[in-house]
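So you know, we letter chains A, B, ... as the sequences are listed, proteins then strands, and number each from 1. On a predicted model such as this, the values are computed, not experimentally measured, just so you know. Quick note: numbers below take in every heavy atom, side chains included, and nothing from hydrogens, waters or symmetry partners.
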There are 2 protein chains.
Amino acid sequence: MTSDTSQLSRRERQIMEIVYQQGRVTAAEVRERMPEAPSYSAVRAMLRILEDKGHLRHEQDGPRYVFLPTVPHEEARESALRRLVRTFFADSPEGAMAALLELEGDRLDEEALARIAARIREAQLEGR
Amino acid sequence: MTSDTSQLSRRERQIMEIVYQQGRVTAAEVRERMPEAPSYSAVRAMLRILEDKGHLRHEQDGPRYVFLPTVPHEEARESALRRLVRTFFADSPEGAMAALLELEGDRLDEEALARIAARIREAQLEGR
DNA sequence: AGCATGATGCTAAATTATTAGCATCAGTCG
DNA sequence: CGACTGATGCTAATAATTTAGCATCATGCT
């Protein structure tokens, strides 16, 4: 297991976000998405550092490398979720749920709401 | 408005998280909660930098300063939520809600689930 | 073939971040 | 009072991060 993401530097964090967002990316793609993007070779240098630190690995994809996170997506997002709930919601999942509804409610159509409601009912029935 | 939190360095980010978690903190309190905490004076120096950059402000509290974020808690968490949904949930709020339920469901008691369900019903009735 | 473009590996310089110490002040205690 | 502790303001040294250039290789095109 790689070290905690709270230890990532500024650029490292920017890159890791892009990698998780995309799933697998080339150096050029990372660069396109970086705020105030440095040179191509600077991006590659950072990617290599992240690989050396164990956060990323690469695969050959034709003439270029494609980079992937070493911590699986699922795991990383759980970790990020927990951290967010702890930092901003006094560790209350209910608060986070409410905020998501409030903030993103208008992006949830009828069907999505129904699906979430069903999940809630399920949780209620399971007494958990 | 201060610059984007994605530009925060390693220690800056650690400190901002602590500040948001606590609401208002002294330098000593920040230091207690930092991973691999540096010296008291190093923490103070970082707090001052964050203040210079506009992320924090301070108030006098007896013989010491207490630090507060300049971006209101509500705003900061919305921003963090959006970023999380975008990075890890392909910008799908439904996905984020499902993951929260999955991950933290066992921390939601009957009453909390009922309250969330009520919020969902409300959203459904409002056709949003 | 030569040239251009896109890629990697590597290096090191430049820049920024992080660190902690010193001087000074304020408050408390014996 | 002096000593001690806890605080601030400030500085600069050190460490870490970030940056980009060079050499080289591979591929495709004329």
Once side-chain hydrogen bond (donor to acceptor under 3.5 Å, both in side chains) is applied, do any residues pair with R11(A), and if so which ones, sequence neighbours excluded? Q14(A)
Taking DNA chain D as the partner, which of residues 9-16 of chain B come within under 4.0 angstrom of it by heavy atom? none
Interface with DNA chain C, restricted to residues 18-42 of chain A and to heavy atoms under 4.0 Å: Y40(A)
Separation of atom CZ in R48(B) from atom P in dT18(C), rounded to whole Å: 16 Å
Pick one: which of E17(A), E29(A), R33(A) meets side chain to side chain donor-acceptor pair (under 3.5 Å) with Q22(A)? R33(A)
For the pair made of NE2 in H55(B) and P in dA17(C), what is the distance, rounded to whole Å? 10 Å
In this structure, how many angstroms lie between the C1' atom of dA12(C) and the CE atom of M46(A), rounded? 16 Å
Those residues at least two apart in sequence (or on a different chain) that pass side-chain contact (heavy atoms from CB on, under 4.5 Å) with A98(A) are R119(B)
Within the pair R64(A) and dG6(C), is there a side-chain N or O less than 4.0 Å away from OP1 or OP2? no
Does E12(A) have any salt bridge (charged side-chain N to carboxylate O under 4.0 Å, His left out) partners at least two apart in sequence or in another chain, and if so, which? K53(A)
side-chain hydrogen bond (donor to acceptor under 3.5 Å, both in side chains) against R82(A), all qualifying residues, sequence neighbours excluded: none
Residues in side-chain hydrogen bond (donor to acceptor under 3.5 Å, both in side chains) with R107(B), at least two apart? D91(A), E104(B)
Starting at atom CG of D52(A), determine the distance to atom P of dG9(C), rounded to an integer number of angstrom. 11 Å
Please report the distance, rounded to the nearest Å, between CD1 in I49(B) and C1' in dG9(D). 13 Å
Round to the nearest Å and state the distance from L8(B) atom CG to dA17(C) atom P. 10 Å
Let's test your reading of the model: under 3.5 Å, does the base of dG9(D) pair with the side chain of R44(B) as donor and acceptor? yes
Interatomic distance, L47(B) CG vs dA7(D) C1' [rounded to whole Å]: 13 Å
Report the residues that fulfil side-chain hydrogen bond (donor to acceptor under 3.5 Å, both in side chains) with S92(B), sequence neighbours left out, ordered by chain and then residue number. none
Under the rule for salt bridge (charged side-chain N to carboxylate O under 4.0 Å, His left out), what residues qualify as partners of E74(A), not counting sequence neighbours? R77(A)
Contacts table for residues 44-51 of chain A: side-chain donor-acceptor under 3.5 angstrom, sequence neighbours left out:
| residue | atom | partner | partner atom | Å |
| --- | --- | --- | --- | --- |
| E51(A) | OE1 | H58(A) | ND1 | 2.8 |
| E51(A) | OE2 | H58(A) | ND1 | 2.9 |

Tabulate atom names and distances for all N/O pairs under 3.5 angstrom spanning the protein and nucleotides 25-30 of chain D.
none

Quick one: which residue pairs count as a ring-ring contact (aromatic ring centres under 6.0 Å, His included) with a foot in residues 74-113 of chain A, not counting sequence neighbours? F88(A)-Y20(B), F88(A)-H73(B)
